[in-house]
Amino acid sequence: MAEDRLPKQSENFSEWYNQLILKSELADYAPVRGCMVVRPYGWALWENIQKALDTRFKKTGHVNAAFPLLIPMSFLEKEKEHVEGFAPELAIVTIGGGEKLEEPLVVRPTSETIIGYMYSKWIKSYRDLPILINQWANVVRWEMRTRLFLRTLEFYWQEGHTAHETAQEAEDETLKILNLYTDFAINEAAVPVIPGIKSDAEKFAGAQRSYTIEAMMLDTKALQSGTSHNLGQNFAKAFDIQYLDRNNEQQYAWTTSWGVSTRFVGAIIMTHGDDQGLILPPKLAPSQIVIVPIFRNDEEKEKVMTMVGEVENALNQFRIKVDNRENLTPGFKFNDWEMRGVPLRIEIGPKDVANQNVVVSQRDIPGKAGKLFLPMVDLAKNIEKLLNDLQDRLLKKATEFRDSHIFEPKNFNEFKEVIVNGWAYSYWCGDASCENSIKDETKATTRCRPLGQEKTSGTCIYCGKPADYKTYFARSY
RNA sequence: CGGGGUGUAGCGCAGUUGGCCAGCGCACCGCGUUUGGGACGCGGGGGUCGGCGGUUCAAGUCCGCCCACCCCGACCA
């Protein structure tokens, strides 16, 4: 068995990322350019993400439904900004059943339009509001430049679509979801994110306001990891979503939409991974624990496997896997599971049978330093603590990394220096021209203006005009 | 769509001035010995050499066209 190492993060981060996904069997390239196959290990991770989000959606009163993949072209055209934003990346079906179609059908790039159409049918009165629907779906956007999980032609996501009586309710919903996403990212994925508002240039095509959670990857690039849009009455007017209000007058509804995609898998990979491979947060890892049995002969095997069974049983509350592949050495398995990011590894050999303890190795602490002996007594309780501690350490480490790479440059020259290896938190006057110039000169875009920021007075990092708020700038995925 | 690169076994590659049945490492299969940090020996299976056309007695090898994918840019969850 030959060593087949990953490139080092420090030497070639993007190759590290690509190869790790293939080797750890999260995903593979499909025969169509830009499309990916999410393999069982990757899908299991996505399913855990889905569960964590879906539970939160349900708790806040949302319900799931399914809307069609194909949308009449004319629907897209009803909202001006929306069609302008999406036109370049549409896949369009022109032939069906061997016949040219009267009207082309668009493979959904997102579902605001078709859901808007349905909402206009369903909503008659204020009594029908709010309507809070989510769907788990795939969407297609014809991207020029693709990257596994981060940007593929087809990707999987959830898209929530809600309609409300008042502007305030819609805004409350938009922010409620942003907070929900923030809570999910931090407390389930241990991905520290900064919630904030997007600039006009970066907002969703057709939205009044877009909010985002922004995460810093280990190469210091920013990754937009979830978005929540207040659509105002834009789509309600385009699709005639009207209701009779409490004063018996016709009103347009106020709508929102929000989504998290399989891109989030990329966020997890690039937030926690190291040169050895993935490090998955215990709360989302497909396997939280892997047991590697060690033995030299049948006699030892029998004793060891008996104990493996006992341990597996004692830990059945966790997602646990026994690696009983017989043709591989323990050493190989150690490296293999480390590459796949399993948080805890339990090693059980003849010595452990004799001592009635197990060796536990913690994925985020390399080598011997991360290994400890645990007695069989209270094993589950101790393992639970180790998983929780590991989860906490991941969040702490990622947060410290992020905070140590956010700078507040004093002038634009300094800005250009820090942006190469970090984010800049700077005053910005809000003019699109400054935003554009900064992008042209540094490749950095505005990421968001964080929520809850107090108004202060400063000067724009680019033009020097007065500015009231600071904005995060970064190179991004 | 512009610039660059690569197509030979599942993966990574070699294949000289064109020349015999197209090779190597890993992976895979069989047997045996191994197994506490990426095991070893022996024996096997696996190829329209990206496609089409041309030059030639003879083409992975030379020529032309096409296709695909990867990397770097413009657009984007």
Side-chain angles (χ1 to χ4, degrees), chain A residues 1-6 12 14-15 18-19 22-23 28-35 84-90 109-110 137-159 181 198 201-205 207 210 212-215 222-229 257-267 276-277 292-298 300-301 304 323-339 345-355 358-359 361 366-368 370-371 373 439-440 443 445 476-477:
Chain A
M1 202 69 58
E3 294 181 38
D4 189 12
R5 289 181 191 279
L6 284 169
N12 190 342
S14 67
E15 265 308 297
N18 289 338
Q19 290 190 27
L22 298 177
K23 281 162 63 71
D28 200 355
Y29 292 100
V32 175
R33 181 191 70 85
C35 291
E84 280 173 7
F86 281 105
E89 42 185 331
L90 294 178
T110 178
N138 56 341
V139 288
V140 168
R141 298 182 187 177
W142 214 268
E143 302 291 349
M144 286 301 152
R145 223 140 132 36
T146 61
R147 201 79 197 286
L148 290 173
F149 288 114
L150 300 177
R151 180 167 302 108
T152 44
L153 287 199
E154 180 189 24
F155 59 92
Y156 303 86
W157 74 346
Q158 58 70 215
E159 46 177 328
Y181 285 163
K198 283 289 186 188
E202 297 285 330
K203 78 176 169 58
F204 176 74
S210 286
T212 175
I213 49 172
E214 295 286 324
L223 185 71
Q224 179 173 306
S225 306
T227 48
S228 184
H229 314 291
S257 69
W258 26 275
V260 163
S261 73
T262 36
R263 168 179 267 198
F264 204 92
V265 173
Q276 196 69 18
V292 177
I294 300 159
F295 48 80
R296 277 164 299 207
N297 50 49
D298 284 350
E300 286 183 354
K301 178 179 176 181
V304 165
D323 187 350
N324 50 19
R325 290 177 292 179
E326 294 206 339
N327 52 337
L328 298 172
T329 62
F332 180 89
K333 293 177 180 179
F334 295 170
N335 286 285
D336 195 42
W337 291 111
E338 280 170 14
M339 193 258 296
R345 179 181 68 243
I346 294 180
E347 304 166 17
I348 301 175
K351 291 179 209 163
D352 306 299
V353 176
N355 300 333
V358 297
V359 175
S361 180
K368 282 220 168 92
K371 288 198 186 190
F373 294 96
K439 186 178 178 183
D440 289 344
K443 296 205 169 89
T445 52
S476 74
Y477 279 98

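Chain naming here is simple, since letters A, B, ... match the order of the sequence lines and numbering starts at 1 in each.
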Participant: Are there over 12 heavy-atom neighbours, none belonging to Asn297(A), within less than 6.0 Å of that residue's CG?
Facilitator: yes

Participant: Within the structure shown, what part of the strands sits under 4.0 Å from Arg325(A) by heavy-atom distance: base, sugar-phosphate, or nothing?
Facilitator: nothing

Participant: Among G37(B), G36(B), C75(B), which nucleotide sits nearest the side chain of Glu143(A)?
Facilitator: C75(B)

Participant: Both Gly226(A) and Thr146(A) contact RNA chain B. Which one's nearest nucleotide lies toward the 5' end?
Facilitator: Thr146(A)

Participant: Lys333(A) has an atom NZ; how far is it from atom C1' of G37(B), in whole Å?
Facilitator: 13 Å

Participant: Tell me the interatomic distance from Glu15(A), atom CD, to C69(B), atom C1', rounded to whole angstroms.
Facilitator: 13 Å

Participant: If the glycosidic angle is within 90 degrees of 0 it's syn, otherwise anti, so just tell me which one G25(B) is.
Facilitator: anti

Participant: Kindly point out which of G73(B), U35(B), G37(B) is positioned nearest to the side chain of Lys443(A)?
Facilitator: G73(B)

Participant: Could you tell me whether Phe295(A) contacts a base, only the sugar-phosphate backbone, or nothing, with contacts defined as non-hydrogen atoms closer than 4.0 Å?
Facilitator: base

Participant: Given the P atoms of G73(B) and G30(B), what is the spacing between them in whole Å?
Facilitator: 47 Å

Participant: Side chain of Lys371(A), base of G37(B): donor and acceptor closer than 3.5 Å?
Facilitator: yes

Participant: Among the nucleotides G37(B), U35(B), G38(B), which one has an atom lying closest to any side-chain atom of Arg296(A)?
Facilitator: U35(B)

Participant: From A77(B), G38(B), G36(B), pick the nucleotide closest to the side chain of Asn335(A)?
Facilitator: G38(B)

Participant: Scan Asn18(A) against the nucleic acid and name what it touches under 4.0 Å (heavy atoms): base, sugar-phosphate only, or nothing.
Facilitator: sugar-phosphate

Participant: Determine the interatomic distance between C1' on G51(B) and the same-named atom on G46(B); round to the nearest Å.
Facilitator: 23 Å

Participant: What pairs with Trp258(A) under ring-ring contact (aromatic ring centres under 6.0 Å, His included), at least two apart in sequence or on another chain?
Facilitator: Phe57(A), His62(A)

Participant: Can you identify which nucleotide, out of C75(B), A39(B), G37(B), has its nearest atom closest to the Thr329(A) side chain?
Facilitator: A39(B)

Participant: Ring of Phe155(A) versus six-membered ring of A77(B): centres under 5.5 Å and planes under 30°?
Facilitator: yes

Participant: Indicate, with a heavy-atom threshold strictly under 4.0 Å, whether Val139(A) touches base, sugar-phosphate, or nothing.
Facilitator: nothing

Participant: Counting the atoms with a prime plus P, OP1 and OP2 as sugar-phosphate, which does Gly349(A) contact under 4.0 Å by heavy atoms, base, sugar-phosphate, or nothing?
Facilitator: base

Participant: Classify the nucleic acid contact of Thr152(A) as base, sugar-phosphate or nothing, counting any heavy atom under 4.0 Å across all strands shown.
Facilitator: base

Participant: Relative to Phe155(A), does Arg263(A) satisfy both conditions: NZ or CZ under 6.0 angstrom from the six-membered ring centre, and within 45 degrees of the ring's axis?
Facilitator: no

Participant: Expressed as a whole number of Å, how far does the P atom of A59(B) sit from that of A22(B)?
Facilitator: 13 Å

Participant: Taking the C1' atom of each, how far is G44(B) from A27(B), in whole Å?
Facilitator: 14 Å

Participant: Expressed as a whole number of angstroms, how long is the span from Phe149(A):CZ to A77(B):C1'?
Facilitator: 14 Å

Participant: Mark yes or no for a side-chain to base donor-acceptor pair under 3.5 Å between Asp336(A) and G38(B), with no hydrogen or angle criteria applied.
Facilitator: no

Participant: Which part of the nucleic acid, if any, lies within reach of Gln224(A) when heavy atoms closer than 4.0 Å are counted: base, sugar-phosphate only, or nothing?
Facilitator: sugar-phosphate

Participant: Before accepting this row, confirm whether a basic side-chain N of the pair Glu326(A)/Lys301(A) lies closer than 4.0 Å to the acidic partner's carboxylate O.
Facilitator: yes

Participant: Return the pairing partner of G2(B) with a 3.5 Å limit on both distances, Watson-Crick or G-U wobble; otherwise return none.
Facilitator: C72(B)

Participant: From C-beta outward on Ser361(A), which listed nucleotide comes closest to its side chain: C71(B), U35(B), G37(B)?
Facilitator: G37(B)

Participant: What pairs with Glu300(A) under side-chain hydrogen bond (donor to acceptor under 3.5 Å, both in side chains), at least two apart in sequence or on another chain?
Facilitator: Arg296(A)

